[in-house]
Amino acid sequence: RQLAAYAYRARGVKCGAGEIITASGTQQLLSLLCRALGGGGRAVLESPGFEQGERVLRDYGWEVSVVPESPETVSRLYEADIFVEIASKRPLSTLAQRTRRRGALAEWARENGPLIVEDDYNGELRYLARPIPAMQPLAPENVVYIGSFSQLLLPSVRVAYMALPARLAESCAAALSTTLRRLRRTRRTSQNQRTRKAVVLTAAISQATHDGIGFNSFFCRFHHWNQA
């Protein structure tokens, strides 16, 4: 709830507490989003792109295109299912240009139904003016907003959050629950393997001490027991 209030206060993002998911970084959030969306499609980014994000999308079966930045961007998105907007990579745009661009992208999303991923990892950092509001309030059902505290606090603070349209919140939460279940299962498997190896190693050491064998012979015997 506090994070939703902060996102609204700092960036104008409109969402409820149940529509926000936190993770260790943008890539993990993109991974959760891809799982929630299911099958792939066509994703478009503007140059210079986002290499790590592109890799995540491709890993989940998305066809990724990186196109040159242009005022006519919206006219080239008619076949896209996802458009990844990295707001901080518009250093030469004026406020008026960025406002028009955000409005055009939001209108395109509302009318055609695709998803815009708004990567706003350092949107709060402005030195000469107030931060430009996020695009998400213009099309809350079609924009996934991703914010991060890594630039605001410390790079080592790997905390990012994702504000989702209501229609995607439940499926993203389900994808996160599936990931946590797999993690718990992996931990149990690793713990069982560790316990088994500890038992075998203890028995091998005890037997080696009793038999008075050398170092090399001990490890050969341990390897044989461990494989049994």
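None of these values were measured; they are calculated from a predicted model.
- Listed for the Gln136 side chain is a donor-acceptor partner under 3.5 Å among the backbone atoms of Lys14.
- Put simply, the side chain of Glu19 never gets that close to the backbone of Ala163: no donor and acceptor are under 3.5 Å apart.
- Here the straight-line distance linking atom CZ of Phe83 with atom CG of Asn112 works out to 13.5 Å at 0.5 Å rounding.
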Give the intermediate values and the outcome of side chain to side chain contact (heavy atoms under 4.5 Å, CB included) for residues Val66 and Phe50. CA-CA 9 Å; Val66 180; Phe50 173 31; over 6 Å; no
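- For the residue pair Tyr60 and Cys34, the shortest heavy atom distance occurs at CG-CB, 3.5 Å.
- Between Val56 and Gln52, the closest side-chain pair of non-hydrogen atoms is not below 4.5 Å.
- Counting heavy atoms from C-beta on, the side chains of Leu115 and Asp81 never come closer than 4.5 Å.
- Of all the heavy atoms in Ala36 and Cys172, the pair that sits closest is CB-SG, 3.5 Å.
- Interatomic distance, CG of Leu77 versus CD of Glu46, reported as 7.5 Å (0.5 Å rounding).
- Atoms CZ and CD, from Arg188 and Gln191 in turn, are 9.5 Å apart once rounded to the nearest 0.5 Å.
- Residues Leu33 and Leu168 are in side-chain contact: their nearest non-hydrogen atoms beyond the backbone lie under 4.5 Å apart.
- Sorted by first and then second residue, the side chain to side chain donor-acceptor pair (under 3.5 Å) pairs involving residues 162-173 (not counting sequence neighbours) form an empty list.
- Interatomic distance, CH2 of Trp62 versus CG of Leu30, reported as 11.0 Å (0.5 Å rounding).
- Here the closest non-hydrogen pair linking Leu29 and Met162 is O-CE, 3.7 Å.
- The closest side-chain heavy-atom distance from Leu138 to Arg102 is below 4.5 Å.
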For the pair Glu85 and Arg101, evaluate salt bridge (Lys or Arg N to Asp or Glu O under 4.0 Å) and give the outcome as yes or no after the intermediate values. CA-CA 11 Å; Glu85 166 72 351; Arg101 172 190 173 82; 2.8 Å; yes
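- With a 4.5 Å cut-off on side-chain heavy atoms, Ile146 and Tyr161 do not count as touching.
- With sequence neighbours excluded, the residues satisfying side chain to side chain donor-acceptor pair (under 3.5 Å) with Ser24 are Gln28.
- You'll find the side chain of Val64 reaches within 4.5 Å of the side chain of Leu45, heavy atoms only.
- Closest non-hydrogen pair, Ala109 versus Pro114, comes out as O-CD, 3.7 Å.
- In terms of the side chain to side chain donor-acceptor pair (under 3.5 Å) criterion, Tyr8 has no residue partners (sequence neighbours excluded).
- Closest non-hydrogen pair, Ala139 versus Arg110, comes out as CB-CG, 3.7 Å.
- Note that CE of Met135 is 5.0 Å distant from CD of Glu118, once rounded to the nearest 0.5 Å.
- Here the CD1 atom belonging to Ile20 is positioned 4.0 Å from the CG atom belonging to Leu3, to the nearest 0.5 angstrom.
- Side-chain atoms of Ile21 and Leu32, non-hydrogen and from C-beta on, do get closer than 4.5 Å to each other.
- Looking only at side-chain heavy atoms (C-beta outward), Asn142 and Ile116 stay at 4.5 Å or farther from each other.
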